[in-house]
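Here the structure is a predicted model, which means the values were calculated and not measured. Both counts, for ligands and for their atoms, begin at 1 and track the order of listing. Side-chain atoms are counted along with the backbone in the values below, which use heavy atoms only and exclude waters and symmetry mates.
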Amino acid sequence: MTASRDQIEAAQLERLQWTVNYAYANVPLYKEKFDAHGVHPSDLKELDDLAKFPYTEKEDLRKTYPFGMFAVPQSQVTRIHASSGTTGLPTVVGYTAEDIGNWADLVARCLRLSGVKPGDKVHNAYGYGLFTGGLGAHYGAERLGATVIPMSGGQTEKQIQLIQDFEPDAILATPTYLLAIADAMQKMGLDPRATSLKTAVLGAEPWTQEMRRELEQAWDLNACDIYGLSEVMGPGVAGESCETKDGSHIWEDHFRPEIIDPFDASQTMRDGEPGELVFTSLTKQALPIIRYRTHDLTRLLPGTATPGHRRMGRITGRSDDMIILRGVNLFPSQIEEIALGIRGLSPHFQLELTRPKIMDELTVRIEAREDCEADRRVSAAAELKHAIKVRVGSSCTIEVVDPGTLARSSGKLKRIHDLRGLKAGEDPRDKR
Ligand code: DLL
């Protein structure tokens, strides 16, 4: 964690050379792609040469479903995970025993940086199973020397009971699920601020500084970010310091990040410039991944808490989650940021897209806070509509609804409900 930038870059070059050679020799798809692109592993002489290599997309994993991109025989694959795959085939990823060990080390690093200590009790509310969140966080917390409570997601009342009875020091969850737990506690007349929790390590979905304040205030704890994706590893690709709270540090001894122009992938961006995050693994054995396009939009910043490793800015959204409303680009995180600055509005909202005639329409449906009176609801709605128009440039309809009426998440929350493809007579609830 304390290596200098020069030491890290030297290790990166060596490991990158190993990775491209290894992938070329062991994964037919990489050989085909490199050959078609007119590039050979021996062309990688310095770090910037990585830009000569072709990208890998989720589609490549789908094309080779289920195990075609594995670089080791199945007998050496210790574990398999898969993405939920709401559209099309799931993406399947695999790990050797050494990959699992590295993964645990990196999650342990993230947790320590976020303020979790050996001996702490850690309540793990990320979903267990094919999703990488549960088991990834679990092994990392064990590696750190913590006592893990493997609760998984859902069963909110049971979560609350265990938090009260087992008195954990830290909780691992998606930000929207931590919010849902707080909400459920308040409804039961319990105060989340009175629990033993001191740290929350939150990720798997975008969240804003405003949401951090909301959660820290609701629970009286420190909330830090953890980032990752299954194709690259799972949680723990990057983690945030509880001292600086200024974005997640990418573990650059294991991953080489790049930022590219999402609309013109031939362009790589300089540090500080916004764009799409791309990762190349440096040590992975079962599934080496080269220039994987994450579709996550952010930028690279100099390291602070761990100076040798660069940070990523907050993820503003995913390029494929971007709403284009009459030519204006909009992300759910922009609505979150604006709504949480308006008195009387809660962080519980959803975005509904419809096409009543020719034009697309956006409805922001948002819950009022418990203490928000009827006339305040009207003025809060007007303020939100105005702020979205001024700050984002979109016109939309606002519906302020009663507290507790919108669906809660127990993992990644689906904010966007796209009803534009609905045929006449179809029940929109089937699409939600
Ligand atoms: O969500 C891994 C993970 C689990 C990360 C638990 C952190 C905590 P996937 O299901 O493959 O893996 O989804 C990866 O989730 O490309 C981002 O779009 C989003 N994402 C993950 N972490 C963050 C974060 C896990 N901290 C996709 N901030 C990624 C914003 C995040 N988005």
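Electrostatic pairing of Lys245 and Asp225 does not count as a salt bridge here, judged by no charged N lying under 4.0 Å from a carboxylate O. Contact check on Arg5 versus Glu9 returns a salt bridge, with a Lys/Arg side-chain nitrogen under 4.0 Å from an Asp/Glu carboxylate oxygen.
The only member of Leu287, Val92, Leu89 that meets side-chain contact (heavy atoms from CB on, under 4.5 Å) when paired with Leu61 is Leu287. The side-chain contact (heavy atoms from CB on, under 4.5 Å) with Pro347 is formed by just one residue from the set Met211, Glu336, Glu210; it is Met211.
Of the candidates Pro175, Gly203, Gly411, Gly228, it is Gly228 that places a heavy atom closest to atom 21 (C) of ligand 1. Here the shortest heavy-atom distance to atom 31 (C) of ligand 1, taken over Glu240, Lys412, Glu205, Met312, belongs to Glu205. Nearest residue to atom 12 (O) of ligand 1 from Leu202, Leu229, Val107, Asp225 is Leu229 (criterion: closest heavy atom). Distances from atom 3 (C) of ligand 1 to the heavy atoms of Pro235, Gly247, Ala82, Ser319 show the closest one on Pro235. In this comparison of Ala173, Ala137, Ser83, Ala204, the heavy atom closest to atom 20 (N) of ligand 1 sits on Ala204. Residue Asp296 holds the heavy atom nearest to atom 18 (O) of ligand 1 of all those in Asp296, Leu277, Leu172, Thr91.
Ligand-side atoms of ligand 1 in range of Thr132: 2 (C), 12 (O), range being under 4.0 angstrom from any heavy atom. When each atom of ligand 1 is checked for a heavy atom of Gly133 under 4.0 Å away, the hits are 4 (C), 6 (C). Under a 4.0 Å criterion applied to the non-hydrogen atoms of Tyr126, ligand 1 contributes the atoms 6 (C), 8 (C).
Between Tyr95 and Trp103, the ring planes lie parallel to each other; the angle is under 30°, not in the 30° to 60° tilted range.
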If you apply the rule salt bridge (charged side-chain N to carboxylate O under 4.0 Å, His left out), what do you find for Glu231 with Lys284, and how did you get there? CA-CA 11 Å; Glu231 296 84 353; Lys284 279 176 65 186; over 6 Å; no

Can Phe279 and Tyr292 be said to form a ring-ring contact (aromatic ring centres under 6.0 Å, His included), step by step? CA-CA 5 Å; Phe279 279 109; Tyr292 184 74; 8.9 Å; no

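For the pair Thr294 and ligand 1, the shortest N or O to N or O distance does not fall below 3.5 Å.
Across all their heavy atoms, Leu325 and Ser395 have their closest contact at CD2-O, 3.7 Å.
The protein heavy-atom contact nearest to atom 11 (O) of ligand 1 is Ser230 OG, 2.6 Å.
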